[in-house]
Protein chains: 4
Amino acid sequence: MTTTLTIGFVGLGTMGGPMARRLVASGFRVTGYDVSAERAAKARDGGVALATSPAGVASVADVVLSSLPDPATVRRVYLGADGVLSNARRGMILVDVSTTDPETWREVAAAAQAEGVDCLDAPVSGGPAEAGLGKLVFIVGGDGAVLERCRPVLGTLGSDIHHVGPLGSGQIVKLVNNVMSIGNVAVAAEAMVLGVKAGMDPQRLFDILSTSGGRSFHFLKRFPNVLAGDFAPYFGIGLSRKDLSLALAMAAKLEMPMPVAAVVRQVYEAAHAQGFGQLDMAGITRLYEQWTGVAVRGKAAGS
Amino acid sequence: MTTTLTIGFVGLGTMGGPMARRLVASGFRVTGYDVSAERAAKARDGGVALATSPAGVASVADVVLSSLPDPATVRRVYLGADGVLSNARRGMILVDVSTTDPETWREVAAAAQAEGVDCLDAPVSGGPAEAGLGKLVFIVGGDGAVLERCRPVLGTLGSDIHHVGPLGSGQIVKLVNNVMSIGNVAVAAEAMVLGVKAGMDPQRLFDILSTSGGRSFHFLKRFPNVLAGDFAPYFGIGLSRKDLSLALAMAAKLEMPMPVAAVVRQVYEAAHAQGFGQLDMAGITRLYEQWTGVAVRGKAAGS
Amino acid sequence: MTTTLTIGFVGLGTMGGPMARRLVASGFRVTGYDVSAERAAKARDGGVALATSPAGVASVADVVLSSLPDPATVRRVYLGADGVLSNARRGMILVDVSTTDPETWREVAAAAQAEGVDCLDAPVSGGPAEAGLGKLVFIVGGDGAVLERCRPVLGTLGSDIHHVGPLGSGQIVKLVNNVMSIGNVAVAAEAMVLGVKAGMDPQRLFDILSTSGGRSFHFLKRFPNVLAGDFAPYFGIGLSRKDLSLALAMAAKLEMPMPVAAVVRQVYEAAHAQGFGQLDMAGITRLYEQWTGVAVRGKAAGS
Amino acid sequence: MTTTLTIGFVGLGTMGGPMARRLVASGFRVTGYDVSAERAAKARDGGVALATSPAGVASVADVVLSSLPDPATVRRVYLGADGVLSNARRGMILVDVSTTDPETWREVAAAAQAEGVDCLDAPVSGGPAEAGLGKLVFIVGGDGAVLERCRPVLGTLGSDIHHVGPLGSGQIVKLVNNVMSIGNVAVAAEAMVLGVKAGMDPQRLFDILSTSGGRSFHFLKRFPNVLAGDFAPYFGIGLSRKDLSLALAMAAKLEMPMPVAAVVRQVYEAAHAQGFGQLDMAGITRLYEQWTGVAVRGKAAGS
């Protein structure tokens, strides 16, 4: 029964592309759209049928997924002239897997509900590799029954599906988590460079700290790469700046001071301004290296 | 052989008191000193002989340990008129277990070396309970051979002795670690309150985040207490302010910008200013609660 | 000749209301609109004809002025379904006197130009009193010839009209100026409270500083009020938060770090969070008073 | 009578040197000391007799002035083994003209009082040129009668002598003023570069802002130089870092949060770290230029 769901997919880029192709490979009929002809062509090569607009995608889909860069694009794709909701049909489900913000999605959902269309926010953890292997983690906000109807689709793409609360809570939890991840990395970069500037050997310092109270998940995960001089962007400085901006905008609407996140964002902006914007978020270490003249990177034991 | 070492102990407070008493209980002869008659009397009740000055302690000790509140006190205790070094004897070893700063201790060590006296910096992780049970963790800077001579003493007090490098590196590693711990807690408090302000249930949010990428050692360790409304100061806001100040002073001497730590320190100062200064460092959550009107504390499931 | 211009006015609030009424009193025919029936009624009592939408205003006006709270409202008023541009007529001029952001207004202007309609951005300095007296200062961006056609209107409302550059530059200069004003006030509040906390008499300290290098226009203008305990919002903490947010959003689009403004914004947010949000921007002094337990306010000599 | 006062001068550097030479030129007998033989020799060429220690200076002086780089040096010069107070004589007056901190000077004054020696803190505004011309501004803390006894000396060096309160208040007012000056400059640099990055012409922007509410004394004084590309250090980034550190240390002792000053200090540290440490404090503009790729400097009209 469930495999008869037909899928629409708007946004076929770094994350959306592999997700759409995996759905095809798993037996779903998928129709996609992307503003970039190049990205669309790549998806078509993976078996994705192409539409010429989000509205076109909607016209043939039971479930529309989207993976988009920012709230303004989400709004346009769903609410715009040629948007998904211009072809809304009762019983359709819309699932945004982008990390955007709860308000925008609630605005889309309110418009959708008026047409008998259900919505979920389902931002993901994991990168393109996990997308291709169906090993993403979904953090889902919305109605539990709607999630059950989508489970065949999300279960094809992800190994874990956390239902965290009502509509919008997927976005909230994702942003909160990312603020913590990015903040912990900035704290670690600053502290590591302080230690090295004070004379410690980088690898020795990492070895001690990795068993001490100051450790965090991302310190353990990313700083071995830093020591090896590897800054390939698993989750980059650009996404860090974006997610901190989204979280700070959410805090501003809630009238909540977030001084630490505000400064962390400025430090990432400085790292971008000094030319490190294409690196992994742990590449913020490079900014501190430049400020101090010491090297943490490339200082792994034996390297 | 080694148990014939006689011990001097300057600073018999929260940490020094239990350490000195444990050494007595383990068979060492210990002579101590504290500016507070009350603290000194408590140590005497535990079998510590009392001297009337740091110099008096030094006159009868092979190894002098000190547990002191700040670099100025360290300087006075060792270099002052009635200080330890006024009774320096060749072959004596001085071990400061305070968290202070590498420069002060190197200054003491230079003066000591001129008298044929060796020094170690050996700041500890763990609190009074661990001190009493001999379960402290020592982070030791200094000469390895000197450490070996002290091992019977430190091994009585601690379960782990990490030799991290030359003189001063114990202090460096300790400060770097604490900057990370305190920073991670501030990041977590800010993020948790953001999520709760946005509508999430605190316990539910903690449960998800505790398995997500944003987690850190101290998030997992301390926030269950926060949810239970327990802010008993295992490591308090006062110590957090002190250690951030020491780290920022070290960075200033090294001419290194530390914008994140600088703002974290200001947030802890604000928490202190608004009346939360006696709480555990995770009590910074209270500042954000006050700013937002939401409650994280006392919101553990079932509480 | 020029008095034959008919005026439309969207947004009849704190600033727009007095401006519209002054135009009426000066002989212009003015048609206005406001979402608030109450504000609209007040304008009608001052001789402003009322329309039922921005489109209705546009249908009878040669020059449309708007005074609106934020960029989203500007967009809706001009580009929305019942917006000004839905009744665009060739030769019409649109003048936004709000402090918003250059990008939004350029977006409106691009849409307007396609209809043969010209635009100016003309944010103002001065408050309701100056508006009623025709003593506002306009900072105008846009084509000089277009400005000349509007001069009879703007000259009725303001004593100074600065033409600062092409379209959008009025907004840029206004935001840059306000970032400086607000920043200088925060700096002054923090410094004044430091001095008082250290033991200085507030009035004595102000007297010395007001002739010293640390002085600024707003320090001289606002801190006598602070000393008198008068925090009536000439330019309030709410507008300060708004303008800092707009400037930071502009900087984010330009990929420019603004660490000082970012922290100043957080301090204003904290002042709002602690209950001072309705005060004048110099009311940020209250936050520091609360943090330190000293009083600057109400400490004017003789008070 | 008063001209029979003999003067001691410790610290014959950038400020102390010209001050000592001016006193000689005005008919005072001056004996000086400096750790630098080169600086001492230069003073001798100006007619200053040389002593070999602060104690030596004290042995022949009725009034000892000092111009020193930091609190630690002040402490050593006055309280150290060969310090001024080791030759204290009843009726002697000590006047520190450095910008240091109130606590250190109060500590010196307490020791001095025990010997019947009076103290003033008298930090100055103005640079070497003003020192040579007797046009300094003194901000004096201490007893008014003591100040009267020194007036012939201070009146020779300065055109304005502000008596601001009891001992230490000269330092407090000086630090408060400098925090404001430095903060206003940072705010202005950030704002100016924002405007230029957004497309404004630097000179045009300065011209408008210099008559707007955002202006400050140092904006008007220093930014014409910035536009001319002149960053000669009238008051440099090094002194800015020093004075911000002193103010933040004073705030820390008073348990007062100073988030804006804390971040301003970090931005100056970053400017130093990126190679602008030798420039005037307005040279912080260079940091923002580097971050944005625009030029404010060298953009004066006609340049």
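So that the names make sense, note that chain A is the first sequence line, chain B the second, and so on, each numbered from 1. All values reported here derive from a predicted model rather than from experimental measurement.
- Interface remark: of the candidates D:Arg215, D:Met200, D:Met192, D:Arg215 forms the most heavy-atom pairs closer than 4.5 Å to chain C.
- Using a 4.5 Å cut-off between non-hydrogen atoms, no part of residues 140-147 of chain C approaches chain D.
- When the candidates D:Gly195, D:Gly213, D:Ala247 are compared by the number of heavy-atom contacts under 4.5 Å with chain C, D:Gly213 comes out ahead.
- Atom CG of residue C:Leu194 and atom CE of residue D:Met256 lie 5.5 Å apart, to the nearest 0.5 angstrom.
- For D:Ser181, the side-chain contact (heavy atoms from CB on, under 4.5 Å) test picks out D:Asn177, D:His218, D:Met281, with sequence neighbours left out.
- Heavy-atom neighbours of C:Lys242 NZ from other residues, nucleotides or ligands within 6.0 Å: above the threshold of 12.
- In terms of non-hydrogen atom pairs under 4.5 Å with chain C, the most contact-rich of D:Val193, D:Leu175, D:Asn178 is D:Val193.
- With a 6.0 Å radius and a threshold of 12 heavy atoms from other residues, nucleotides or ligands, C:Gln113 has its CD atom at or below the threshold.
- Note: C:Val164 leads C:Ile139, C:Val164, C:Val173 in heavy-atom pairs under 4.5 Å with chain D.
- Taken to the nearest 0.5 Å, the CZ atom of C:Phe217 stands 13.5 Å off from the CG atom of D:Asn184.
- For residues 284-292 of chain C, heavy-atom neighbours of chain D at less than 4.5 Å comprise C:Tyr288, C:Trp291, C:Thr292, sorted by residue number.
- Among the candidates D:Leu209, D:Leu254, D:Val179, D:Ile172, the residue making the largest number of heavy-atom pairs closer than 4.5 Å to chain C is D:Leu254.
- Between C:Val187 and D:Met180, the shortest heavy-atom contact is CG1-CA, 3.6 Å.
- Residues of residues 259-270 of chain C placed with any heavy atom under 4.5 Å of a heavy atom in chain D are listed by number as C:Pro259, C:Val260, C:Ala261, C:Val263, C:Val264, C:Val267.
- Rounded to the nearest 0.5 angstrom, C:Lys197 NZ and D:Lys253 NZ are separated by 14.5 Å.
- To the nearest 0.5 Å, the span separating CG on D:Asp201 from OG on C:Ser169 amounts to 11.0 Å.
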